[in-house]
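Every number for a ligand or one of its atoms is a count from 1 in the order of the listing. FYI, side chains are in, hydrogens and waters are out, and symmetry mates aren't considered; it's all heavy atoms of this structure. The structure displayed is predicted, hence computed values, not measured ones.
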Amino acid sequence: MTTFPDGPEIALPAGDVTVGVVRVGDTVRRPYQDSSPRVAAYLRHLERVGFDGAPRYLGRDSQGRDVLTYLDGRVPGDPVEPWAARDDVLPGVARLLRRLHDASAGYAPPARSVVPGRPQPLLPEGEPRIVAQRDVTPQNTVFRGDAAWGLIDFDLSDWTTRSVDLANTAMHWVPLCDPVDRPAVYDGLEPGPRLRLLLDAYGRDAVGAEQLLHAAELRFAGSYRSMHWSAVHLGGGWARMWAQGVGDVIERRIAWFARVRDRLHSDLQ
Ligand SMILES: Nc1ncnc2c1ncn2[C@@H]1O[C@H](COP(=O)(O)OP(=O)(O)O)[C@@H](O)[C@H]1O
Ligand SMILES: [Mg+2]
């Protein structure tokens, strides 16, 4: 069994959900969770196929915590800083996502028991399923210089499709939300051209414009159901986000998207 040296623990910026993520030397220690074995298996797969934009899973330390490599670089804060809100970071984010998806094709995670009542993601008919990280937020993306090169926080990794995961990434990075919910750093933002930057860099050979818009609708509808379920059944950070009104944000997003869908469609042509 590998032992990992203890050392000074450096607090990392708090995410929304996981309490107690710290850095020790060139490793990150995360509390062991139900998702840990699946995350470990996926990260091992990514290592095997040579995908270098994810932490390596190293094992568990003497306190039982997951040990991962620390990815050195800049991670945007919440709300994002002006540099991370610029248009020119978007193509790199989409190319990173494409590389992750290409590296994940053919991978199947270990089976797990289905939790009764837990909403399953809504996925489009007829599109191949892949496993992906499914939470490409700015706060889960590591930059070197101005280029996105790494993803962290694989807790939500699971089955999805290319179009749904690209829509989810766009939701966080464009961002796709009602203008009243947009942080001030995005004032004056045009969502269509930013969505186009993501789609073009991801590659229209793999996802088409209409496919992406349909995937966004499925994703937004699914997120209301799953966030509500997690708030009620998992509590913690999920319940906190729900109490802070995330359900209302999702409902406003769905209504806004229906209003601007035609406009987005022509922006993507
Ligand atoms: N492997 C890593 N390399 C570099 N930074 C990390 C790593 N893991 C976590 N962090 C930092 O810690 C923050 C919180 O960790 P994260 O795993 O995203 O927890 P949460 O589930 O709460 O979002 C991240 O936003 C990032 O700044
Ligand atoms: Mg995170």
Side-chain angles (χ1 to χ4, degrees), residues 2 4-5 7-47 51-61 63-81 83-85 89 92-93 96-97 99-100 103 132-158 160 165 168-169 171-173 175 183 185 223 226-227 230-231 233-244 246:
T2 321
F4 296 97
E9 307 213 338
I10 303 164
L12 288 166
D16 282 327
V17 170
T18 316
V19 177
V21 183
V22 296
R23 176 177 177 183
V24 180
D26 55 6
T27 68
V28 168
R29 314 288 169 103
R30 297 180 103 254
Y32 184 83
Q33 307 179 63
D34 291 347
S35 55
S36 293
R38 286 167 66 82
V39 170
Y42 185 35
L43 292 179
R44 287 204 179 99
H45 164 80
L46 293 174
E47 178 174 10
F51 179 79
D52 60 2
R56 298 289 174 241
Y57 182 79
L58 301 176
R60 294 175 72 185
D61 70 7
Q63 298 176 37
R65 296 176 299 188
D66 290 325
V67 184
L68 307 153
T69 54
Y70 178 78
L71 300 190
D72 207 10
R74 255 195 318 180
V75 178
D78 186 11
V80 304
E81 299 81 2
W83 67 266
V89 304
V93 172
L96 175 61
L97 188 74
R99 285 205 300 119
L100 176 77
Q133 187 262 13
R134 296 200 325 147
D135 195 21
V136 182
T137 61
Q139 296 77 27
N140 287 338
T141 307
V142 184
F143 284 75
R144 286 210 171 143
D146 286 341
W149 76 277
L151 296 172
I152 53 181
D153 191 356
F154 281 65
D155 289 350
L156 296 185
S157 62
D158 208 342
T160 183
D165 205 37
N168 190 60
T169 302
M171 177 176 87
H172 292 298
W173 278 95
V185 70
S223 74
S226 66
M227 293 286 291
S230 299
H233 295 272
L234 304 180
W238 301 107
R240 208 164 38 247
M241 283 188 271
W242 195 263
Q244 287 163 358
V246 75

Would you say D66 and S36 are linked by a side-chain donor-acceptor pair, where the criterion is simply a distance under 3.5 Å?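 Yes, side-chain donor-acceptor contact under 3.5 Å.
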Does the side chain of I152 come within less than 4.5 Å of V142's, by heavy atoms?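 Yes. Closest side-chain heavy atoms under 4.5 Å.
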Please report the C-alpha distance between N168 and V136 in whole Å, then the side-chain angles of each, then the deciding distance to 0.1 Å, and finally whether the side-chain contact (heavy atoms from CB on, under 4.5 Å) criterion is met. CA-CA 7 Å; N168 190 60; V136 182; 5.9 Å; no
Side chain, backbone, both or neither: the part of D72 lying under 4.0 Å from ligand 1 by heavy atom: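 None of D72 does.
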Which word best sums up how the rings of W83 and F143 line up, parallel for under 30°, tilted for 30 to 60°, or perpendicular for over 60°?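 Geometry flag for F143 against W83: perpendicular rings.
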[atom1]/[X] to [atom2]/[Y] distance, rounded to the nearest 0.5 angstrom?
X	Y	atom1	atom2	answer
S230	W242	OG	CH2	9.5 Å
L58	R29	CG	CZ	9.0 Å
Y42	H45	OH	NE2	7.0 Å

Does any N, O or S atom of N140, backbone or side chain, fall under 2.8 Å from the Mg ion (ligand 2)?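 Yes, N140 qualifies, because one of its backbone or side-chain N, O or S atoms lies under 2.8 Å.
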When you check the gap from the basic side-chain N to the acidic O, do E81 and R74 get nearer than 4.0 Å?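 R74 and E81: not salt-bridged.
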Relative to the Mg ion (ligand 2), which of the N, O or S atoms in D153 is the closest?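 Going by distance to the Mg ion (ligand 2), the closest N, O or S atom in D153 is OD2.
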Closer than 4.0 angstrom: is that true for some heavy atom of V28 and an atom of ligand 1?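 Yes, V28 has a heavy atom closer than 4.0 Å to ligand 1.
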Is the closest heavy atom of T69 to ligand 1 under 4.0 Å?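 Yes; T69 lies near enough to ligand 1 that a heavy-atom distance drops under 4.0 Å.
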Hey, which atoms in ligand 1 end up nearer than 4.0 Å to a heavy atom of [X]?
X	answer
P55	1 (N)
P13	12 (O), 13 (C), 14 (C), 27 (O)
N140	18 (O)
Q139	24 (C), 25 (O)

For ligand 1, find out whether one of its N or O atoms is nearer than 3.5 Å to an N or O atom of R30.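 Yes, R30 has an N/O under 3.5 Å of an N/O on ligand 1.
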Under 3.5 Å, N or O to N or O, is L68 touching ligand 1 that way?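 Not met; the criterion fails.
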